[in-house]
Amino acid sequence: MRLYFCPSFCMICADKSTSNINHVRFHKGGGCASMNLYSASMDSPSLQSLYLDYCRRHELMPNEAISSWFSKADDEKTRRGKYNLAILLDQLTNIDLLTLIDVIQSVDTFQLESVDILNETSCQLNAQLLMSLMRAADEKLNVVYLQDMSSGEDFFRELSRNGISCRVLNIWSLLQQKLNMVGIFNQLHTLNLDFCTSITNFHKDCFSGMPNLMRLSMCETRVSNLWVATTALSNLPSLVELRFQKCLCCRDTSPCISLYGKKDNLFVSCDRDAELCTSLKHLAFSSQAEFENEISDSGKLPMKPELRVTEQSLKKYISHHPSPICYEKHYREYMVVSFPRLEVLDNMLILKNEKETARHVFSSCYEILPYKRKHRESLVDILRDREAGAANLYHPSSLRRKDPGFMNVGPSFYLRTLSAAKLGSSLWPYMEPVSNFIHLIKDETRQLRPRQFEYHPSDSSLMVFGTLDGEIVVINSDNGKPISYLPSVGTDNSILGLCWLKQSPSMLVAGSDNGSLKLFDIKSIRTNNSELYEISSVKATFQDFEQLTSVHVNSTDERFLVSGYSRDLALYDITSGKRIELFTDLHREPINVAKFANHSPFMFVTSSFDRDVKMWDLRQKLLRPCYTTSSSRGNVMTCFSPDDCYLLVSAVDNEVKQLFAVDGRLHTNFEIAHTCSSHNYTRSYYMNGRDYIVSGSCDEQVVRVCCAQTGRRLRDVYLEDGESGNSLYVQSLRGDPFRDFHFSVLVTSKLPSLKWEIVKINMLLSYHDTTEHAHAATVRSSFGLGG
C-alpha cells in the first residue's frame, strides 16, 4: 500500500487522517488534483463501513434501517458486481440525509447501478437536503416515489423548476394548482401524478424538459380543459402511453390485460425491481420500474406480444378515478387526433380503425383554426402573398368550388386569414382585468364589484359597467382608464340593467334591482385634476319596475323594454319619460331577458324559466306571439345576431342553440356537455359579427368558443386569477363588437374571498408576449358569413 500526501491542505478531502484517505493527492505546478482511489486496499470499502465511518466523523449514532439497507446492498454487490440501493424516506431524519449524501458521493459511479428513493407515509424532511440527496445520486437515480411529503411547496417548487435525473417519478401530493414542471428531466420516461387533486391547469412550458417521457398518468386530478392539456402535452415528443382515468385492475399505463385476452406480462421484469415492488404494495407504476432496464438506447419500448382486440372486450372497460377532462364530449377522439404517436390511452390500445373514426369525429366537432383554415400560416407569408395578389391560395377549396368569383376577395377575407394565423400561434390568450379602480372610491378598503357591463355600440374604446353597490362607471377599455363615475345615491342597489342609446351615443339607460330606472348622459360628467365630478347627469327618471333584471333600447332610441322576476313586461317611451304599457302574463314564469332586434324598432324576443322563447311584434296586439319555441331547461337569456338573421338561446346547464329568427326553427345545436347542475346558469353571445359565439356558465371556469354556423368548437378559454391562481367563474360575457376574437367576461372567484371583476380577453395575443399591445388586432368593418 502506498500513500501520497499533498503538502498543502486539499479542500476536496473532508479529512486529512492517513487512516481514512479518500483521495490520492499530488501537485503539478502548484495546483492540486484528486483521484477517487481508496488507500485501505485495492478493493473499495463496503457501503456499511463507509456509513459507519461517516457516522463516527459526525459523531452520530448509526440508523439501523440505513445499516440494513447498506448490508443488503453489499451482499448484492458481492453477487452481481454492482450496488442497487433503495432508500425509504419514512425511516430517516435530516441528520441521516447528511450521512447518506456523503456515502453516495464517495461511491465510484461505476460500482453504483441504481438508487431508488421512496416514501409511503408522511414525513418531514428538509427540502434542500432531500434535493441534495437526489442530486448526489445524479444519473444513477432510478425510481423516485413520493406519496406523502410534508416538505411542502418549497421542495416541489425546486423539483419542478430545476428537475432531477430519475427515470421513474411518482408523486401523490403535488401542491401546485398550475403544474409548472419546466426543469430538466432528461432521463425521465415514466411520470405518475395520480391523485394530485390540486392540479387544475398547466403552465405553457410544462413538460418542456422531458424529451424522453413515454408514459404519463394523471388520474383523479382536477384537469378539465382539453385545449390547455393538449397544448402542454404537445411538449412531450416521445409520449406513447397516457391516461386521465384507469381500468381498476391496472397499476400502470400499459394496455389492460383483461381487456385483450392475454394473461402474459406485457414486459419482461427484472428480479431486483420485482422484489422492490413487492415490498411496496401500493407503489403505482411498478411495471414501468420493472422494465426500465429493458429500454434500449434508442428510447424504444421493448417488443410487446401481439394483442387480440374485440369489440366485446372493449365493452368490459369501466372507468375509475377519472379526471374531469374525461367527461368532455369526444375527449378520447380529441386526444387520439391531437397525439398521432400515442399508442395507449386510459389503458386501452389505440387501433388503426379508431384513429380513422377519431379523425372523422374531430373534423365534425372541432376546428383546428377559425374560418376553415386547416394549417397554420405565417403572418409574413400572408402579407407577402397579399401584396403579390395570391389571395386565392388561402381560400378553402370548398369555397372556390361554390363561389366562381372567389378571386374578388375583399378586406374581410384578409382580416380572417390574419386572425386565423394569429390565433394559431397564440394558444394561451392574453387576459387583462379592466374594472379595478380603487382610487374612485372614498373608502379605499373597498373595491368596485361589477355586476353588469356593456360595450358601446359605436365607440370601440368605451365600456360601461354597473356594480353590486349601485355605482356606474364608464371606462376607456383600450387604456383601462375611467372616464365617468356615478356613485350610488341612497340605499345601495345592484345595477342589473344597462343599455346604450344608438342615436345619442353619450346616453345610457340603467336599472337597478330595487326597480329604479334612469337615463344618464356621460357628457355631464367632467374630469378635474384626475377627479371625476357630476353636473346633473340624470336626464330622465322613469316609473319603477319592481325586481328588475333586464333593460333594452330599440334601434331608434324611442322605446325600451324592462323585464324582471315577474311574468310581466313594461314598455317605456324615452322622449316623454313615461311607461307606455305593462304587458301581463306573457310567460308562465319570470321573464329573464327581453331584447329588441338590432334593425327593427318593433320586433323583440323574450326568454323565460318556463323554457319558452317567444317572438313579438309591437305593431300587433301582444295577445299571442309570432311564434314560440322551447328548450328542455329553463332559459337564461337570448339575443339576436348582429344582422337579425338568428337568435342565440342559452338555457340552464349549457343548453345552447341557434335558431332562425324568422320562424324559430333550429339552425345549430352546440351540444356542450352538461354538468347536471340545475344552478349552472349559462349565457352566450355572438363574436366576430355572427361568425362565432362565446358561451360560459356560472359553475364553470371556462369560456367555450364555437363556430356559429357549424357548431364546431374552436377553443376553450380557461379562466384563472393571475395573482392567486384561483379559478374564476363566468357570471356574464360579451363579444367585442369591433375586434375579431376579443371578448370580455364578468367573473367571480369563490375562495378564499369573493371577487368580482371584468376580464378582457384577446385570443390573438399570447399573455407571454409583452412586446405587442393588448389591442393590436384589426377593428372589424363588416359581418362575415361564418366559419
Side-chain angles (χ1 to χ4, degrees), residues 451-460 462-466 472-474 484 486 494-513 515-525 537-545 547-564 568-583 586 591-607 614-619 622 637-644 647-648 661 683 685-686 732 734-738 744:
R451 178 58 184 85
Q452 188 60 278
F453 74 98
E454 294 289 347
Y455 284 99
H456 196 279
S458 58
D459 189 333
S460 62
L462 293 186
M463 176 189 290
V464 62
F465 67 87
I472 297 176
V473 184
V474 180
S484 306
L486 294 171
S494 299
I495 302 295
L496 299 183
L498 287 170
C499 190
W500 292 95
L501 273 62
K502 302 174 182 62
Q503 309 301 326
S504 303
S506 66
M507 294 188 179
L508 60 92
V509 176
S512 57
D513 58 0
S516 173
L517 279 165
K518 294 181 180 181
L519 177 67
F520 295 96
D521 187 352
I522 64 171
K523 284 186 177 179
S524 299
I525 304 172
S537 61
V538 179
K539 295 304 178 183
T541 299
F542 304 92
Q543 183 178 345
D544 288 358
F545 185 93
Q547 297 181 305
L548 176 151
T549 60
S550 170
V551 173
H552 199 250
V553 180
N554 70 358
S555 59
T556 57
D557 290 352
E558 296 171 340
R559 301 172 180 178
F560 67 91
L561 291 168
V562 180
S563 63
D568 303 336
L569 183 72
L571 180 66
Y572 291 81
D573 183 83
I574 293 179
T575 303
S576 66
K578 296 180 179 180
R579 185 161 74 184
I580 302 173
E581 195 164 356
L582 181 66
F583 306 107
L586 296 185
I591 301 172
N592 295 319
V593 169
K595 293 277 189 181
F596 273 111
N598 294 297
H599 302 284
S600 170
F602 308 107
M603 304 298 298
F604 69 92
V605 65
T606 56
S607 65
K614 299 183 179 184
M615 182 69 74
W616 307 89
D617 188 344
L618 287 176
R619 293 167 293 191
L622 301 191
M637 65 154 295
T638 186
C639 65
F640 284 88
S641 64
D643 58 3
D644 290 341
L647 288 177
L648 186 61
R683 294 170 175 85
Y685 276 87
Y686 285 97
S732 187
R734 301 287 189 276
D736 190 320
F738 303 98
S744 294

**Message:** Working note: F545 + R579, criterion side chain to side chain contact (heavy atoms under 4.5 Å, CB included); need CA distance, chi angles, decisive distance, verdict.
**Reply:** CA-CA 10 Å; F545 185 93; R579 185 161 74 184; 4.2 Å; yes
**Request:** Determine, stepwise, if the pair K539 / L519 fulfils side chain to side chain contact (heavy atoms under 4.5 Å, CB included).
**Result:** CA-CA 5 Å; K539 295 304 178 183; L519 177 67; 4.2 Å; yes
**Request:** Carefully, step by step, assess L496 and Q452 under the rule side chain to side chain contact (heavy atoms under 4.5 Å, CB included).
**Result:** CA-CA 6 Å; L496 299 183; Q452 188 60 278; 5.8 Å; no
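Within the model, atoms OG of S460 and CG of D736 stand 8.0 Å from one another, a figure rounded to the nearest 0.5 Å. Here CZ of F602 is found 5.5 Å from CZ of R619. Values are rounded to the nearest 0.5 Å. Considering OH of Y572 and CG of L517, their distance stands at 5.0 Å, rounded to 0.5 Å. Going from atom CG of L501 over to atom CD of E558 covers 11.0 Å, rounded to the nearest 0.5 Å.
Side-chain atoms of C499 and H552, non-hydrogen and from C-beta on, do get closer than 4.5 Å to each other. The shortest distance between side-chain heavy atoms of L586 and K614 does not fall below 4.5 Å. Between Q503 and T556 the shortest side-chain heavy-atom distance does not fall below 4.5 Å. Using a 4.5 Å cut-off on side-chain heavy atoms (C-beta onward), R559 and L618 make contact. Side chains of S512 and I495 form a contact here, defined as non-hydrogen atoms less than 4.5 Å apart. Here the side chains of L498 and F453 are not in contact, with every heavy-atom distance at 4.5 Å or above.
Between F604 and W616, the ring planes are parallel. Angles under 30° get that label, and only those over 60° would be called perpendicular.
Remark: the backbone N or O of S641 is paired with a side-chain donor or acceptor of N598 at under 3.5 angstrom. Side-chain atoms of D459 never come within 3.5 Å of backbone atoms of P505 as a donor-acceptor pair (strictly under, hydrogens ignored). Using modelled atom types, one side-chain atom of D513 and one backbone atom of S494 make a donor-acceptor pair closer than 3.5 Å.
In this structure, the ring of F542 has its center less than 6.0 angstrom from the ring center of F560.
Considering every non-hydrogen atom in both V551 and L548, the closest pair reads CG2-CD1, 4.0 Å. Shortest non-hydrogen contact noted between F596 and L561 is CE1-CG, 3.4 Å. Closest of all the heavy-atom pairs between F738 and S458 is CZ-C, 3.6 Å.
Between W500 and the options D557, V474, V509, a side chain to side chain contact (heavy atoms under 4.5 Å, CB included) holds for only V474. Exactly one residue among D643, T638, D644 makes a side chain to side chain contact (heavy atoms under 4.5 Å, CB included) with F640. That residue is D644.
In this model, no donor atom of one side chain and acceptor atom of the other lie less than 3.5 Å apart for S607 and N592.
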